[in-house]
Amino acid sequence: MKMAAPLLAGLFLLLGGGTAAALAAAAPSAKAQPAAGAAVEAHPPAAPSRAADLYQQHCAACHAPTRYGAMGPALLPDNLARLRKAEAVKVIAEGRTATQMPGFAAQLSKDEIAAIADWIYTPVTPEPRWSDADIVASRIQHVDPATLSDKPVFDADPLNLFLVVEAGDHHVSVLDGDKLEPIHRFQSRFALHGGPKFAADGRYVFFASRDGWITKFDLWNLKVVAEVRAGINTRNVAASPDGRHVAVANYLPHNIVLLDGELGLIKTIEAGDRDGKQTSRVSAVYDASPRQSFIAALKDVPEVWEISYTKAVEDIPTGFIHDYKQREGSFIPGYLNPRRTILAEPLDDFFFTQDYSELMGASRAGVGQVVNLDVRKKIADLPLDGMPHLGSGVTWEWTDAAGKVRTVMASTNLKAAEVTVIDMQSWEVIRRIRTRGPGFFLRSHRSSPYAFVDSMMSAEARHILQVIDKRSLEVVKEIAAPPGRTLAHVEFTRDGRYALASLWEDEGAVIVYDAHSLDEIKRLPMRKPVGKYNVWNKITREEGTSH
C-alpha cells in the first residue's frame, strides 16, 4: 500500500518570497494511511552525533535545526507516525517528483541516508515547545482583505462547490458541483488533516495541517488570505458559523488554541485534567453551532470539554460552591473557558445528535459512551466492538418491520469489518452490516436511498466500495477499482444527484457516480485525491456527511 509515500513531498515548496513566506511554506496536504502491519526497513544503528551532524548539514535549512519545521514540515516522531521509515529513506535518497525536494543519493551513502531517517524518528529532548509568542510571530497576511471582492469571482453556484484535497502534489482543487469540472487549483500546506471548516455563508474556509499551520482561504475570491502556525502537531480545526472564532486541537503542545477570524491569537488553553495532574493530547475539536460552543475530545484524560464562544453564557463554577444563586464560591467566565464533563474513560472520537445536546463517543479501545452535554454526564453505554470511527458517522430515518420510524446512526469501524447501525433513542444496536473489511468513511445524502462505505483499512479489499440500502440495511452493490488500488471517501453534490469517490492514487481521479442508478458518469484526473467537501453539505450539516 503506497499511501504514505507523498507525505514528505513538497518539502521545499514556497508560497512566496522573503523570510516570513519561507517559514510559512511548510507546504502540502493529505490524509495518508499506512498499510496495516507494514514492515519498517531495518538499518544498523547510527551514532546519534553523526546522524545529528548529517541532519544539520543537509536538512536543517528547510526543516529547522530544531526539527520543528520551516520551509519543510516538522520531522518529529508524532508528525511522521503515518510515514513508514522505508518510505522516508526512499524520499531522502530519490527526492520527490514535481517538488523542490532533491534526492541525496549522489551525496550520501546508504548508511548516511539511513542514519538521517533513524534520527528524524527519534524524540527531541527536551520536548518541543510552541509558545504564544511563536504563534503570534508566525502569522502571515497574504492579501489585504480590503482588496477582495464581496461577490464570487466565478459563475458557479458558490454553495455547490467542492474542495478536493490532492495529496499527490499537495494542492486543493475547487470543483463546480453542477458542471462537475475544476475551476481553480491552489497549493496547500503539508499534510492537511481533519477536513476544511466553513463559515456559514461558505465564503471563508479554514484548513489545518499536521504541522500546525492554519490557513484562511477566501472561496469567493479563490485566494489564501492569512496563515498562522498554531502548533507543532495538530489534529484539526473548527470554526464558528460567523467565522469570528477558530479553535485548533493540538497533540503537541497539549493544548487548544483559540484564534479570531483573522487568525490572530486570542488565547491558548492547556489541555489538563481538573486536578492539574495530567495533560492530554487533544484528539479533535468540533463546532456545536446550536450551542454556540466548541466541543473538544481529550485523548488521554477522561473529560469532555465545552468552550462557549458567546459572551451570553453563564459563568463556570470551580472548586467548592456554597450557594450558586448567591455566587458564594469560585467562578470563572463561561466565555472561552472549558466547561468539563467528567467521565470514567477518555473519548477519542465523537458523533453528535443534530441539536448537539448529546454526543456518542468511543475510546481507541472501543469503549462507547453516550454523554448528555446539558447535564454533563454519561447517560448510556454503546455496545461497540473494534475501533469505531464515529467521526465519520451518518444518520437517516429508518422504518422497522413494525412500521415504526426511527432515527438511526451508522458508523464504520477501523478494526472490525462492519458498519454498526444504532437507534438514537434507545442506543441499541439494530444491525451489524458485514463489509469487505475495516473501513474509514461512510457517506450518504437525505435524497439518496444509499450509503457508500469503503474498506480502505483492508489490504485485500481497499479497492471496493460497498453500497448499503438505507431501507433494508443490506449491501446491494459493490463498485470496484483495480485490485491493489484504493477507492474511498464519497461526497455528494448539493442536491444529492451525484456521488463523488476518490481513486486514491498518485495518478488517480475523482470518479462521479449517479447516486440513484449507481452508474459511473465521468472521471476527473487528480493527483492522489483524498477528502472531498461540498460547501452546502458542510454548512447545513447534511445528515449524510460528517460534521
Side-chain angles (χ1 to χ4, degrees), residues 11-29 55-56 59-81 120 122-142 188-194 206-216 224-239 245-272 279-283 285 294 296 307 336-338:
L11 302 187
F12 289 50
L13 293 177
L14 302 180
L15 292 177
T19 302
L23 176 64
S29 70
Y55 175 87
Q56 295 300 328
C59 312
C62 291
H63 299 280
T66 59
R67 291 166 45 201
Y68 288 16
M71 288 166 51
L75 299 181
L76 303 167
D78 285 351
N79 296 61
L80 298 172
I120 64 178
T122 59
V124 168
T125 304
E127 184 176 277
R129 301 293 180 189
W130 195 250
S131 68
D132 287 3
D134 293 322
I135 295 172
V136 172
S138 72
R139 186 183 179 279
I140 303 162
Q141 188 75 43
H142 288 285
S188 74
R189 287 199 170 269
F190 174 80
L192 299 186
H193 190 258
F206 299 89
F207 297 90
S209 79
R210 285 278 192 181
D211 283 346
W213 284 97
I214 308 303
T215 301
K216 180 180 181 179
V224 174
V225 179
E227 295 184 292
V228 69
R229 191 175 190 184
I232 297 174
N233 188 338
T234 292
R235 295 297 295 171
N236 78 328
V237 66
H245 293 86
V246 177
V248 182
N250 283 326
Y251 264 18
L252 185 66
H254 292 180
N255 65 16
I256 294 172
V257 176
L258 298 176
L259 307 168
D260 62 29
E262 302 306 319
L263 302 188
L265 178 64
I266 298 175
K267 66 185 295 187
T268 59
I269 305 173
E270 183 180 45
T279 63
S280 174
R281 294 167 290 177
V282 184
S283 299
V285 61
F294 297 120
I307 302 171
L336 299 185
N337 280 311

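Everything numeric in this text was worked out from a predicted model, so none of it was measured.
Taking every heavy atom of both residues into account, F207 and V237 meet most closely at C-CG1, 4.1 Å. Nearest heavy atom pair, residue V282 against residue A249, reads CG1-CB, 3.5 Å. Closest non-hydrogen pair, R67 versus L76, comes out as O-CG, 3.6 Å. Counting all heavy atoms, side chain and backbone alike, I135 lies closest to A230 at CD1-O, 3.9 Å. Residues P123 and P77 share a closest heavy-atom pair of N-CG, 3.7 Å. Heavy atoms only, all atoms of each residue included: T268 and V257 are closest at CG2-CG2, 3.8 Å.
The shortest distance between side-chain heavy atoms of T234 and N250 falls below 4.5 Å. Inter-residue side-chain proximity for H193 and N233 is flagged as unmet; no heavy-atom pair is nearer than 4.5 Å. L258 has its side chain out of reach of H245: every pair of non-hydrogen atoms, C-beta onward, lies at least 4.5 Å apart. Using a 4.5 Å heavy-atom cutoff, the side chains of H142 and K216 are not in contact. Between R235 and R281 there is no side-chain heavy-atom pair separated by less than 4.5 Å.
Atom OG1 of T66 sits about 10.0 Å away from atom CG of L75, to the nearest 0.5 Å. The structure places CG of L259 at 9.5 Å from CZ of R139, a figure rounded to the nearest 0.5 Å. Note: H63 NE2 to I120 CD1 = 8.0 Å, rounded to the nearest 0.5 Å. We find the CG-CZ distance between L252 and R129 to be 8.0 Å, quoted to the nearest 0.5 Å. To the nearest 0.5 Å, the span separating CZ on F206 from OG1 on T215 amounts to 10.5 Å. In this structure, CZ on R210 lies 10.0 Å from CG on N236, to the nearest 0.5 angstrom.
In this structure a side-chain-to-backbone donor-acceptor pair under 3.5 Å is missing from W130 to G212. In this structure, the side chain of D211 does not engage the main chain of W213 through any donor-acceptor pair within 3.5 Å.
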Under the side-chain contact (heavy atoms from CB on, under 4.5 Å) rule, what do V225 and Q141 come out as? Steps first, then yes or no, please. CA-CA 6 Å; V225 179; Q141 188 75 43; 3.7 Å; yes
